[in-house]
Asks: 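Got a structure for you, written out below as structure tokens; questions coming shortly.
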Amino acid sequence: MSNVLVYPNAFSVEECQRIIRERLEVDTTPAYSPGMRVDPDVRSSMVNFMYEDCVDGTGCEWIFERLWELSREHPFGAVVEKLPFIQFAEYDSHYAGHFKPHRDTENFYHATDKKNFTRKLTIVINLSDPSSYSGGDVKLYDVVVNDDPLIGQRDRGCAIMFPSNTLHEVTKVT
């Protein structure tokens, strides 16, 4: 697919477990929806953010380095100068975690203190064991296969990269 890149083993199982463990030690907050407000009908997830200086003490530099390596060379035409932040998002079955169709170029949900930037690439990485939940699929509506939206791979540690203006969603986790 020319609008999607898949890196099947971007992170090992051990690295995925480490990220989950370390990010859950940091406070998470309800994720924002359009209008910079919490709206569980549109998005139901908990988030926290890693910044390039890794000030939260988790030593997240290695995650930035790995994602930088993935994003430096891509065929989408966007010039990526840096990764200002990484969003850790939890979608849990206890609250039917989901995010209705949206584009990541809509500066409404990141709720960071970062201003005046434009998201160019989105990289989604499944950190959880896909046999431990149902739903939670990343559907890419601008990438169609046999008249259906492309559903991203669920393999643990798999990275899916696409232009941030791609219409996509995360289906309800059950």
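In this chain, numbering begins with 1 at the start of the sequence shown.
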Asks: Are side-chain heavy atoms of Ser71 and Leu83 found at a separation under 4.5 Å?
Replies: yes

Asks: Under 4.5 Å between any side-chain heavy atoms of Leu5 and Phe76, yes or no?
Replies: yes

Asks: Can you name the nearest heavy-atom pair linking Ser45 to Tyr95, along with the distance?
Replies: CA-CE1, 3.8 Å

Asks: Walk me through whether Val4 and Val6 qualify under side-chain contact (heavy atoms from CB on, under 4.5 Å).
Replies: CA-CA 7 Å; Val4 178; Val6 176; 4.1 Å; yes

Asks: Using every non-hydrogen atom in the two residues, find where Phe162 and Asn3 come nearest and quote the distance to one decimal.
Replies: CB-O, 3.4 Å

Asks: Return the minimal non-hydrogen interatomic distance between Ile20 and Arg156, and the atom names on each side.
Replies: CD1-NH2, 4.5 Å

Asks: I would like to know whether Phe88 and Leu127 meet side-chain contact (heavy atoms from CB on, under 4.5 Å); could you show each step before the answer?
Replies: CA-CA 10 Å; Phe88 174 84; Leu127 300 173; 3.8 Å; yes

Asks: Closer than 4.0 angstrom, basic N to acidic O: yes or no for Arg21 and Glu25?
Replies: no

Asks: Do the side chains of Val170 and Asp137 get nearer than 4.5 Å, heavy atoms only?
Replies: no

Asks: Going by heavy atoms in the side chains, are Asp27 and Asn48 under 4.5 Å from each other?
Replies: no

Asks: What's the separation between atom CG in Leu70 and atom CG in Leu121, rounded to the nearest 0.5 Å?
Replies: 10.5 Å

Asks: Does NZ in Lys120 sit with more than 12 non-hydrogen atoms of other residues, nucleotides or ligands closer than 6.0 Å?
Replies: yes

Asks: Can you tell whether the side chains of Glu90 and Arg23 come within less than 4.0 Å, N to carboxylate O?
Replies: no

Asks: Can you tell if the side chain of Asp142 reaches within under 4.5 Å of the side chain of Asn165, non-hydrogen atoms only?
Replies: no

Asks: For atom CG of Asp148, decide whether the heavy atoms of other residues, nucleotides or ligands shown that lie under 6.0 angstrom number more than 12.
Replies: yes

Asks: Have a look at Val145 and tell me which of Ile151, Leu150, Leu140 forms a side-chain contact (heavy atoms from CB on, under 4.5 Å) with it.
Replies: Leu150

Asks: Let me know which of His168, Glu169, Arg43 forms a side-chain hydrogen bond (donor to acceptor under 3.5 Å, both in side chains) with His102.
Replies: His168

Asks: Show your reasoning for whether side-chain contact (heavy atoms from CB on, under 4.5 Å) applies to Tyr141 and Arg103.
Replies: CA-CA 10 Å; Tyr141 289 95; Arg103 299 178 194 281; over 6 Å; no

Asks: Answer yes or no: is there a side-chain heavy-atom contact under 4.5 Å between Ile160 and Ile123?
Replies: no

Asks: Side chains of Ser93 and Tyr133, heavy atoms from C-beta outward: is any pair under 4.5 Å?
Replies: no

Asks: side-chain contact (heavy atoms from CB on, under 4.5 Å) for Asn9 and Tyr7? Distances and angles first, verdict last.
Replies: CA-CA 6 Å; Asn9 298 301; Tyr7 300 92; over 6 Å; no

Asks: Can you find a pair of side-chain heavy atoms, one from Trp68 and one from Glu52, that are under 4.5 Å apart?
Replies: no

Asks: Which atom pair, heavy atoms only, marks the closest approach of Gln153 to Cys158?
Replies: CB-SG, 3.8 Å

